[in-house]
Structures are given as C-alpha cells and as structure tokens.
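Working notes, structure below.
Indexing begins at 1, ligand by ligand and atom by atom, following the structure's order. Atoms considered below: every heavy atom in the structure, side chains included; atoms not considered: hydrogens, waters and symmetry mates.
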Amino acid sequence: MTTSLSLRGVSKFFGDLPALSAVDLSIRPGRVHALVGENGAGKSTLVKILAGLEQPSLGELQQDGVRVSFATRAAAIAQGIGLVPQQLSLIGEMTLVENLIVTQPFQLARRRHAEALLRRSAESAGLAITTDVPVHELGLAERQLGELAIALAQGARILLLDEPTSALGPFESAGLFEHVRALADSGVGVVLITHRIDEVRQIADDVTVLSHGAVALAQPVAEVTDDELVFAMVGSREPTAPRTSFQSGRDRLVISGLTANGAGAQVRNLNVSVRAGEIVGVLGVAGNGQNVLADAAAGLLRPHSGSVTVDGVTVSGRPDAAANAGLAYVPEVRASWLLPDSEVTSSAILRRLRDSRFSSAGVLRWPAITEFTRAVMARHDVRPLNPRVTAGSLSGGNQQKLLVGRELDGGAAVAVLHGPTQGLDLGAAAAIRDEIRGAAQAGTAVLLVSADIDEVHELADRILVMNHGEIVDELLASEFDLQRIGRAMAGVSVSAPSSAASSASASASSLSSASVSASTTSETGSAA
Ligand SMILES: Nc1ncnc2c1ncn2[C@@H]1O[C@H](COP(=O)(O)OP(=O)(O)OP(=O)(O)O)[C@@H](O)[C@H]1O
C-alpha cells in the first residue's frame, strides 16, 4: 500500500525565531525527493515535523489529501512514516532486534517474532544486517542500514532520511542508494536530506532547496541545472584560498607499530608520522579501521602494542596527556565530544576546564567563559550567536562548526580530524578547510581521516589508504591517482595484474563518477 504526504503552508518558530516559513512540499509514492540547503536552513526541522517529533506552529500536514496531525513519533510510525535521523538514534548496548522491540513494545513483545520481522524486512529490501551483536559494535554504515531495516519493519511507506551519507564513503553511499532506489521503485516515497549535488543527480526525482526556512526552489531534478541549485543554496561567494606548498618540518605525531582494537575493527602494525605543517589524509571504505586509528592517535584507545607520541610525549591510552601535549581531536561521532543538553558555553570550554582563565580554586568564572564562547562562535560563524542556547538545539552543521572551531583554536601541536566537514554546507565546509590549511600553515601536524576523496585530494600533502586495518598504499599529493586509490580501497593489490584490476574496475568507475560529480560540488563550492 502506498501513501503520499505533504506540508501546506507550514511555519515553525522556536521562540521568536522562524526555522520554517510557509513551506509547501509533497512526497509522492515511488519518488525520491531531495531536500537541500545551507546549515540551519530548516531541513531537519521539516523532517521532524513530518516524523511527529515537532509540531508546526502554522499550516498543516496532509496524508493522501486528508489533513492529519502526528502528535508523537509513535503516531507517525503508525501511519507508515519511517525516519533515519541525522544523529543515529539506536541504543548502542542493544542489538537491532532489541532496538526494534523498544519502539513497539506492545506489538512486538515476542523476540522471535520481532527478529523474524526485521530479517524479513531487511531481506525484502536486500539489506545485509547483523542482528546478534550490540549496535555499538557495528560500523556507521551498518548502523545506517540497521536504522533503515527497523523503519521498514515498522511498516514505513514514507522514508525520511536525514543526511544518511554524510559519514559514508562513495562505496557505502552507492550501496545505500541502490537500496533506496529499489524501495522507491516498490512504491515507497522518500525524502533525502543531503548537501551533495552529485547525490541529488544520482538518486532524486524531485528537489526542494530551503534557504533561511523558506522554499527557494522546488522542481523535478531533470529540469534544474547544477548552477541553479548551487545559486538557490548559497547565492554567490568569494573563492577559497588555495593551499600553499608544504615545507617539511619535524615529526610531531609519531605512531609506531600500533596494533589496537576499537568499535568493530582492528588496526595492525601501523606506522604513521606527521610533520609540523603537514596534512596527511587517510582514506578507506568505512569500517576498515580508520576510526580505530583516529581514536588511538587521540590517546583514547590503549593499544595492544606500539605507541603514539606527540612532540616526543607518549600519549597512547592517555587522553589527558594527549590534551596536555596539545592534541586536538574531532571524532567521527560529534555527539560524543559535545554536551548537547547543556548551554554552548559548557561545550566550548569542555577541553579547557583547567585553564586558569575559566576556573580558579574549583570555581568556574562564568563571565570569562561566556565571553570566550561568544568569541569562538563568532570566529567560526556558529549560528545563532547565543552562548546560552543548548548545544543540542544548534543545527547539525552548526554543532560541527563549534566542535572544529573549539579544537583548532589556540594552535594545536597535532590535530586528528575525522570527517571534519561532514554535514556542512558548501560554504561552511570551505571555511573549515581554510581553517585546516591555516592550522597547518601555523605548524600543526594534521591527520585528516575522511570519507570524502575530494576533500583529501584538495587538502592533503600525503595520502594513506587503509584496508582491513592496514595501510595498503601511500601517495604524495603530486601522485594522486583515483584509479589507484579506488583499487587500494577496494582491497585490490596496488601492483595487481590487469585481470584483478578489471574486477575492481566497476568500483573504480563508480568511485570515479562519484568523484567527478563530487568535484563539481567542491569546485562550485570554492568558485561560487
Ligand atoms: N529545538 C530547537 N530549539 C531552538 N532552535 C532550534 C531547535 N531546533 C532547531 N533550531 C533552530 O532552527 C534552525 C533550523 O535548524 P535545522 O536543524 O532544521 O537546520 P538544518 O537545515 O537541518 O541544518 P544542518 O544542515 O546544519 O543540519 C536553526 O537556526 C536551529 O538553530
């Protein structure tokens, strides 16, 4: 059974601030509707209204042409509205089956029934999921597919996907889109929030651009050009500064013989050093140990063997020592490094609690903290510029700007950045890349772990490729070769004979097309 869902003249105010203004939008069976717009444009708010998590201040929802209201998430689920939120919502200690049961405890009291339902829903959509381990042991891509399977098991006929690909590499994104396309072809209506124009082209039938809460453009994708989309999203901007060439400095981050276990992955015998002023990019299909490398480099994981030093100080397994040695860290999951329920001030000084400017004799100095927070927010364009709002009320992109800004401010010795621009719009991503270049210019050694090949291409002086927990290839920026990187990411030996290379050619060509169109995005981002 199919269903359509629309918003008619919907506005949403938080206090006096309008997050949405008189928005019309229709989601139709069998069609994928892309929702794009700058950070803070109102995309997540719109999706939350469709999902029953927020109520419109004005206007109405219609399902199959009839006025409806979803007072709660459960009410929307009952009407077939599935949601995969931006911050993944699964409970880490539970399996996917248990996560499904807690959403519908009455209907799914029997575990065997819930498990069969989840498996059946996943299989019918071709999703490979693991149902018998706690969710925190799954990689991000697997969790995303798990959320999708749960939405289907709940009977979703409309799927709301809030930036499902922001932390995924091109392989996982392509895989996810295949499933989404198949679901749409079976009659499901899909809303996809994304910042990437190549993704709009790849999968969407219709596109709506939100700008400052209002609809700036709404058209079938086939009838709109990239330039029109970019202009509707960002207007016009100054070009970003190119990276000046890297002058070799001393080793600041040294990882020697590192073997460690982390969330669902292992790294083996890694040797990486990053010099002052150097940006080393790490690429790999998600789940191949990049997050373990990043956590270990930040001192958060105790390795089985090997060590991590920052300016000669051993920091492995010692996050305090890492912070004292001047290590900045932006983890893949930003929620773990911010305090969403507290005012932005708390998140801004989280890593500076012992700074004498902000506390003395155990007493916090709030005027200084508030002033500092306001300055961080202003410097990094975090909106709204109000230190008193909770960090969790900031849009996803503004949370990311706060986090990256907080970490890079103050001249770090080493910066370990995992997906620093994920979830950012073109302008904000360009600003963060400028900050990363600026930090390197000032002598910070940067380890940049990213799923975004274009970003690594644009920033890195050297590129490492990871597969199955090992570094399988290393290239200088001047040796950048997409086919070679694609083969290494796909686990095909770099010096593979042509028969093996041809088996990887499908992945390499999908990589290539992802990147060609993605480079359109970043070029427009910098040129627009
Ligand atoms: N619960 C809330 N309380 C106060 N303001 C909020 C709340 N939720 C959202 N906002 C504000 O509404 C505006 C729109 O936010 P929203 O999260 O919808 O943007 P977005 O387009 O999804 O951004 P992003 O791309 O960064 O995720 C922002 O200014 C945000 O700060």
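- Here the closest non-hydrogen pair linking Ser4 and Pro29 is CB-CD, 4.0 Å.
- Using a 4.0 Å cut-off between charged nitrogen and carboxylate oxygen, Glu343 and Arg388 count as a salt-bridge pair.
- Note on Arg201 versus Asp226: salt bridge recorded, some NZ/NE/NH1/NH2 to OD/OE distance being below 4.0 Å.
- Protein residues having at least one heavy atom under 4.0 Å from any atom of ligand 1 are Phe14, Ala19, Glu38, Asn39, Gly40, Ala41, Gly42, Lys43, Ser44, Thr45, Gln86, Glu163, His195, Pro384, Ser393, Ser395, Gly396, Gly397, listed by chain and number.
- Across all their heavy atoms, Ser57 and Phe13 have their closest contact at OG-N, 2.9 Å.
- One finds the CD1 atom of Ile279 at 11.5 Å from the CD1 atom of Ile463 (value rounded to the nearest 0.5 Å).
- Nearest heavy-atom pair across Leu424 and Ala429 is CB-N, 3.8 Å.
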